[in-house]
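See structure below.
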Amino acid sequence: MDQHNFSSLTDFVLLGFPNVEHIKGCLFVLLLLAYLFTIGGNTLIFLVIQMDVALHKPMYHFVSVLSFLELWYTATTIPKMLANLLSEKKTISFAGCLLQTYFFHSLGASECYLLTAMAYDRYLAICRPLHYPSIMTTALCVKMAVGCWICGFLCPISEVILVSQLPFCNYNEIPHIFCDFPPLLSLACKDTSTNVLVDFAVNAFIILITFLFIMASYGRILGAVLKIKTGAGRRKAFSTCASHLIVVLIFFGSIIFMYVRLKKSYSLTLDRTLAVVYSVLTPLANPIIYSLRNKELIQAIKRTFFKKVEKVSTTHP
């Protein structure tokens, strides 16, 4: 057998979306619009929360960090997807592929931890309202956010190191829309059972532990909400959590099925579909869910931007 390994393999070919030549123009436009909306929406939420003093609360602090994270999360994959839709040469270097995989998983893990921190914040606010101001201080919010990023960026290191040491044969076509651990393992000309086991252990720890913690928090929240005597009070209490819970269910529902499994791949079509959900649709949905369902945030947007527009128009007739 020829000794082709990662040192001789200079690049991969991302196959992307198969059999879309006749609609790739429309697909490019849709993906570009989704990316622009994601960037615009998350940037708007981040700036409004930073600029409006009324939103300088722990809950909105975490929302702004999530919006900032989503900007980088989508930047790791969508620009390359857009370039591949227009280019005949859909290559990515081996180093570039590993970097894309690392940052995508680092930011994804950071989001898991951040959503958990947000669930803990809501638990304290609803279940322990008298102690909430003294516990959830600005300093604690900052420490929790920084901790989410640090833990997230440490998690995939072992997986990336193991993949970088695998030998890859002549076949270098990745049957996926971006570089990821499962499609990379399928190309290795060596037994990858150790890699699969390590991937499963790391992903199960990150995804399942955080998801169970979030669900436990919402179980306690639900119990506290049901004890509220008035219907209006129950609706008001749970409305502050509904947006976060929707994001959690969409995000975790797709990544649990994709990454918590002792198998390299199931249906390639299913894998691509799930990848679109958690890499494109979830970041796209976040600005919609957090802005349209939140009256306080909508009012802050009006205060921050519309008043400035009115002020400029009056000073420059």
Side-chain angles (χ1 to χ4, degrees), residues 1-19 73 76-77 80-81 84 89-113 151-212 252-279:
M1 180 184 292
D2 293 335
Q3 298 300 315
H4 291 88
N5 55 30
F6 69 91
S7 61
S8 61
L9 187 63
T10 58
D11 54 40
F12 290 105
V13 177
L14 285 167
L15 296 181
F17 302 96
N19 305 319
Y73 183 67
T76 61
T77 55
K80 186 62 179 176
M81 290 185 210
N84 286 344
K89 189 179 180 182
K90 309 178 190 299
T91 59
I92 183 171
S93 68
F94 183 79
C97 190
L98 284 183
L99 283 173
Q100 185 183 60
T101 304
Y102 170 72
F103 283 110
F104 183 72
H105 278 263
S106 295
L107 292 165
S110 299
E111 183 163 347
C112 290
Y113 291 125
C151 291
F153 274 77
L154 290 176
C155 286
I157 291 177
S158 60
E159 297 170 275
V160 172
I161 292 174
L162 287 173
V163 170
S164 69
Q165 296 174 346
L166 287 175
F168 290 93
C169 303
N170 290 328
Y171 190 74
N172 67 339
E173 293 184 343
I174 298 177
H176 204 43
I177 56 178
F178 53 80
C179 287
D180 202 357
F181 290 123
L184 277 175
L185 295 182
S186 67
L187 298 183
C189 49
K190 177 186 176 182
D191 177 54
T192 58
S193 56
T194 300
N195 299 74
V196 174
L197 186 60
V198 170
D199 288 352
F200 174 80
V202 172
N203 292 328
F205 176 79
I206 298 170
I207 298 172
L208 293 183
I209 295 298
T210 54
F211 182 69
L212 290 175
F252 278 93
S254 56
I255 64 173
I256 286 175
F257 189 84
M258 182 69 185
Y259 293 109
V260 186
R261 62 194 193 191
L262 282 168
K263 192 175 180 181
K264 295 178 188 177
S265 179
Y266 289 102
S267 164
L268 292 176
T269 302
L270 179 60
D271 282 359
R272 292 190 186 99
T273 303
L274 290 173
V276 170
V277 171
Y278 60 76
S279 67

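- Judged purely by atom type and a 3.5 angstrom limit, Glu159 has no side-chain atom pairing as donor or acceptor with the backbone of Asn195.
- In this view, Leu99 and Phe103 satisfy the side chain to side chain contact (heavy atoms under 4.5 Å, CB included) rule, not counting sequence neighbours.
- In this structure, the separation between OG1 on Thr210 and CD on Glu111 is 10.5 Å, given to the nearest 0.5 Å.
- Ring-plane geometry between Phe104 and Phe178 is classed as tilted, the angle between the planes lying from 30 to 60 degrees on a 0 to 90 degree scale.
- Residues Pro183 and Pro175 come closest through the heavy atom pair CB-CD, 4.3 Å.
- The two residues Gly96 and Ser93 have their closest heavy-atom pair at N-OG, 2.9 Å.
- Scanning both residues, Val163 and Phe168, for their nearest heavy atoms gives O-CE1, 3.9 Å.
- Between Phe181 and Val196, every side-chain heavy-atom pair lies at or beyond the 4.5 Å cut-off.
- Taking all atoms of both residues into account, the shortest heavy-atom contact from Ile177 to Met81 is O-CG, 3.7 Å.
- Note: Leu274 CG to Ile256 CD1 = 11.5 Å, rounded to the nearest 0.5 Å.
- Contact annotation: the side chain of Leu184 never approaches that of His176 to less than 4.5 Å [non-hydrogen atoms, C-beta and beyond].
- Judged as a ring-ring contact (aromatic ring centres under 6.0 Å, His included), and not counting sequence neighbours, the contacts of Phe211 are Phe252.
- Taking CG of Leu185 as the reference point, atom CG of Asp199 lies at 5.5 Å (rounded to 0.5 Å).
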Original post:
Does the pair Leu107 and Thr76 meet the rule for a side chain to side chain contact (heavy atoms under 4.5 Å, CB included), with working shown?
Top reply: CA-CA 9 Å; Leu107 292 165; Thr76 61; 3.7 Å; yes

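- Scored by the side chain to side chain contact (heavy atoms under 4.5 Å, CB included) test, Leu212 finds no partners at all (sequence neighbours excluded).
- Pairing each heavy atom of Val202 with each of Cys155, the nearest pair is CG1-O, 3.9 Å.
- To the nearest 0.5 Å, atom CG of residue Leu166 and atom CG of residue Asp191 are 10.0 Å apart.
- Rounded to the nearest 0.5 Å, atoms NE2 (His105) and SG (Cys179) are 10.5 Å apart.
- For the residue pair Asn172 and Leu187, the shortest heavy atom distance occurs at C-CD1, 4.1 Å.
- Between Phe94 and Phe12, the two ring planes are tilted [angle within 30° to 60°].
- When the side-chain hydrogen bond (donor to acceptor under 3.5 Å, both in side chains) test is applied to Tyr278, the partners found at least two apart in sequence or on another chain are Tyr259.
- Listed by chain and number, the residues in a side chain to side chain contact (heavy atoms under 4.5 Å, CB included) with Asn84 are Leu14, Lys80, Lys90 (sequence neighbours excluded).
- For the disulfide bond (SG atoms under 2.5 Å apart) test, no residue two or more places apart in sequence or in another chain qualifies with Cys112.
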**OP:** Decide side chain to side chain contact (heavy atoms under 4.5 Å, CB included) for Ile255 and Asn203; before the verdict, give the C-alpha distance in whole Å, the side-chain angles of both, and the deciding distance to 0.1 Å.
**Re:** CA-CA 9 Å; Ile255 64 173; Asn203 292 328; over 6 Å; no

